[in-house]
Engineer: 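Handing you a structure now.
Naming convention: chains lettered A, B, ... in sequence-line order (proteins, then strands); numbering from 1 in each chain. What you are looking at is a predicted structure, and each value in this text was computed from that prediction instead of being measured.
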2 protein chains.
Amino acid sequence: MSERAGAKSGGAWDAYRAAGVDIDAGERAVELMRASVAATRRPEVIGGLGGFASAMRLPAGLREPVLVSSTDGVGTKTAIAMALGRYDTVGHDLVAMCADDLVCAGAEPLFFLDYVAVGRLFPERVASIVASVADGCELAGCSLLGGETAAHPGLMDPDEFDLAGFCVGVVERDRLMDGTAARAGDALIGIASSGLHSNGFSLIRRIVAENDLDLAEDYAQLLCRILGPETAAEPETEGRTLGEVLLTPTRIYSQAILRLRKRLNEKDADLRGVAHVTGGGLPGNVPRMLPEVLGAHVFPGNWPMPSVMRLFGALGGLSGSELRSTFNGGLGMVCAVPADAAEAAICSLDDDGLEAWEVGVVSETEALGGRYSES
Amino acid sequence: MSERAGAKSGGAWDAYRAAGVDIDAGERAVELMRASVAATRRPEVIGGLGGFASAMRLPAGLREPVLVSSTDGVGTKTAIAMALGRYDTVGHDLVAMCADDLVCAGAEPLFFLDYVAVGRLFPERVASIVASVADGCELAGCSLLGGETAAHPGLMDPDEFDLAGFCVGVVERDRLMDGTAARAGDALIGIASSGLHSNGFSLIRRIVAENDLDLAEDYAQLLCRILGPETAAEPETEGRTLGEVLLTPTRIYSQAILRLRKRLNEKDADLRGVAHVTGGGLPGNVPRMLPEVLGAHVFPGNWPMPSVMRLFGALGGLSGSELRSTFNGGLGMVCAVPADAAEAAICSLDDDGLEAWEVGVVSETEALGGRYSES
């Protein structure tokens, strides 16, 4: 953690601490996060640069490496974390948001950097946030190579924080997925999301406030109260509060997607498109993996809408198609594959513990009357 | 600008806009920033990825490329920008903070990504911020490859914003500067800062508040009032207000440092260390470019203290050595070079329009009694 480990010592720190920037707290935070960061170290990392920057070699054997990069935040999901005093999950969301954008281009995540802005630097909290970033990095297969913790006294409330992440991956030039491979008739494979992921939280918070919901209420009880006693909830929500269900970390798909591609290649097929379903939901993201002349036709009856979206749909007066454009609608990733490889794709994802469905078909934009339609 | 250009359309946007996230404003901001971003495009950039991520080839001819990366923010310098309603400078600071960390490892900046968090998305403001990021990228020689604008309604005040930047560069493995090259007796060359740069602003803001300073006051008049009529100010501060002087963009050194190294190499010398003087000032940063057994002995009489630091030193009761550990003390970069190359180094920097001085010498840590001392 280059900047974090900087030798901040000597000089006018007493005056600076009085201005709200506690250097010792920063150093304590660095100590607390050291082990979790070290666990993400890939063999390509080069250490000992003196702390100004971080360095990493490329994986061996690439003929024409292309660097792929992405930056993102977790939106106002942080506000739920603050309300619950939970700092050990949103870092995982942050990695998901960035690393899973890279695999849409076919890239393997290599390294990650995080930026944490806080009102006041509480070492245990920052270390907890960064440890959850490191957890996410392990799942995505990338090294947490550096980061910055910025204290903004006076500008942010002491308890407030914000996160930004940055991920770089690499792919062989002729393996780069550039959105041109899909063909009309390809199958769309949707992979189950773990819940809301990290988009739509400004709306979630408004609905929570307007309906005076209690984040500490038992989730099953709330579902029963709003949607009726026969409403089914996912087993993993059992015994959890509303706040805990809202904070469910965003699923990280990158390693499973890279494996899926490899397995399809072994069967002489290939992934023809990968869309990470974030802001804008299915209509905002699925067409982005397709050539302009093609669009996605989706069958929403083919997979279940998560209970948390049904709940907020009922509370906020949102239709099913609105839930699929504001949230992820239950699908965190959508892939395009040749129709005859659909079953193999679903099996490969199942091997990785991911539930997937054939959720639609790639069609001519002209025939669809647009780049996205549902039936 | 991948995420920014995402196809956010269709669906429940009316509900979402009511929750404070204005998608149309985001799209207008993207339109406004398009030209300035395009101006930073390097030939290695690969376009047309569908918007999930950004891609770039490595420069040709590298045998064993090492990626070097850095992330940083601009601290609470944003608060001064907000108070002045100036959004066209802090992006430049952001690039300086990140790109100039990379050259400390000998790396050439390749690409940059920015994260802008706002309370409310005012398209012209965000475009102005991003245009200043693009200006900085042009100076640093890197492509502004992507970015994220995040609206945090309810969590941040409408006028509030924060910035984080991420820069990636590349260097040939055997040209990587890893802090092991300096020798006792090497000269320390300090390069003039443009003022406060982007550190120490929490303290600056406290001193402004405690002394009830008016950011709109004429800077020369304020200097005269606090430090006396004979106080010299830098010519570039003439006719400017206190707020404008505080907002002076951080100087960007990367291209000049890369050229300096090339010129020294042509004379069979080399740069033996480069330290970017940011948080922690000279004592916090200069030793970071040296082996553990070596330290820096600095002669503060060899270069002038900027008037803005003298001013805030007087107002805040900070000594000269405190100004050099809280702020940059007038030096934005310090390099270690063989003693007989000091003059050539200063000439090279002068050719690039940078004022530089021989500011100290590399010595044994044991002889110095520490890693940093002054006399």
Engineer: Between A:Arg205 and chain B, which part of the residue has a heavy atom less than 4.5 Å away: side chain, backbone, both or neither?
Structural biologist: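 Side chain only.
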Engineer: Is there side-chain contact between B:Leu58 and A:Leu58, with at least one heavy-atom pair below 4.5 Å?
Structural biologist: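 When only atoms from C-beta onward are counted, A:Leu58 and B:Leu58 do touch, with a gap below 4.5 Å.
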Engineer: Given a strict heavy-atom distance threshold of 4.5 Å, which part of B:Ala209 is in contact with chain A: side chain, backbone, both, or neither?
Structural biologist: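 For B:Ala209, neither part sits under 4.5 Å from chain A.
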Engineer: Less than 4.5 Å to any heavy atom of chain A: does that hold for the side chain of B:Val274, its backbone, both, or neither?
Structural biologist: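 Only the backbone of B:Val274 comes within 4.5 Å of chain A.
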Engineer: So for A:Glu292, is it side chain, backbone, both, or neither that comes closer than 4.5 Å to the heavy atoms of chain B?
Structural biologist: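 No part of it gets close to chain B.
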Engineer: Let me know if B:Thr78 has heavy atoms under 4.5 Å from chain A in its side chain, its backbone, both or neither.
Structural biologist: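 Just the side chain, heavy atoms under 4.5 Å.
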Engineer: Contact between B:Phe111 and A:Ser69 at the side-chain level, heavy atoms closer than 4.5 Å - yes or no?
Structural biologist: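 Counting from C-beta outward, B:Phe111 and A:Ser69 do come under 4.5 Å.
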Engineer: Would you say the side chain of B:Ile46 lies within less than 4.5 Å of the side chain of A:Arg173, judging by non-hydrogen atoms?
Structural biologist: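 When only atoms from C-beta onward are counted, B:Ile46 and A:Arg173 do touch, with a gap below 4.5 Å.
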Engineer: With a 4.5 angstrom heavy-atom cut-off, could you sort out which part of A:Ala107 is near chain B: side chain, backbone, both or neither?
Structural biologist: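 Nothing of A:Ala107, per the 4.5 Å heavy-atom cut-off to chain B.
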Engineer: Is B:Thr71 close to A:Phe166 at the side-chain level, that is, under 4.5 Å between some pair of heavy atoms?
Structural biologist: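 Side chain of A:Phe166 against side chain of B:Thr71, heavy atoms only: no contact under 4.5 Å found.
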Engineer: Work out which heavy atom in A:Tyr115 is nearest to a heavy atom in B:Leu163; give both atom names and the distance.
Structural biologist: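 For A:Tyr115 versus B:Leu163, the nearest heavy atoms are OH-O, 3.6 Å.
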Engineer: Between B:Val66, B:Leu67, B:Val171, which has the largest tally of heavy atom pairs under 4.5 Å with chain A?
Structural biologist: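 Option with the top pair count is B:Leu67.
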Engineer: Hey, are the side chains of B:Phe52 and A:Val103 touching, using non-hydrogen atoms and a 4.5 Å cut-off?
Structural biologist: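 Not touching, per the 4.5 Å side-chain cut-off.
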Engineer: Is A:Val168 in contact with chain B via its backbone, its side chain, both, or neither, using a 4.5 Å heavy-atom distance?
Structural biologist: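 For A:Val168, the side chain is the part near chain B, not the backbone.
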Engineer: Heavy atoms, side chains only, cut-off 4.5 Å: are B:His152 and A:Asp162 in contact?
Structural biologist: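 Heavy-atom side-chain distance check passes, below 4.5 Å.
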Engineer: Shorter than 4.5 Å, heavy atoms on both sides: which option in B:Ala150, B:Ala275, B:Pro291, B:Ala117 has the most such pairs with chain A?
Structural biologist: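 Ranked by contacts with chain A, first place is B:Ala275.
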Engineer: So for atom CZ, which belongs to B:Arg120, do other residues, nucleotides or ligands contribute more than 12 heavy atoms lying within a distance under 6.0 Å?
Structural biologist: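 No.
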Engineer: With a 4.5 Å cut-off on heavy-atom pairs, point out which of A:Gly165, A:Gly154, A:Gly169 contacts chain B the most.
Structural biologist: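 When all of A:Gly165, A:Gly154, A:Gly169 are compared, A:Gly165 has the most.
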Engineer: Less than 4.5 Å to any heavy atom of chain B: does that hold for the side chain of A:Ala164, its backbone, both, or neither?
Structural biologist: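 Answer is both: backbone and side chain atoms of A:Ala164 are under 4.5 Å from chain B.
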Engineer: Between B:Ala151 and A:Thr76, which heavy-atom pair has the shortest distance, and what is it?
Structural biologist: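 Minimum heavy-atom separation between B:Ala151 and A:Thr76: O-CG2, 4.4 Å.
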Engineer: State the CG-OG distance between B:Leu113 and A:Ser70, to the nearest 0.5 angstrom.
Structural biologist: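 Separation between the atoms: 7.5 Å.
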Engineer: If you measure from CG on B:Leu155 to CE on A:Met156, what distance do you get to the nearest 0.5 Å?
Structural biologist: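 Reported to 0.5 Å precision, the distance equals 7.5 Å.
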Engineer: Side chain, backbone, both or neither: which part of B:Glu44 has a non-hydrogen atom closer than 4.5 Å to chain A?
Structural biologist: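 Interface part for B:Glu44: neither.
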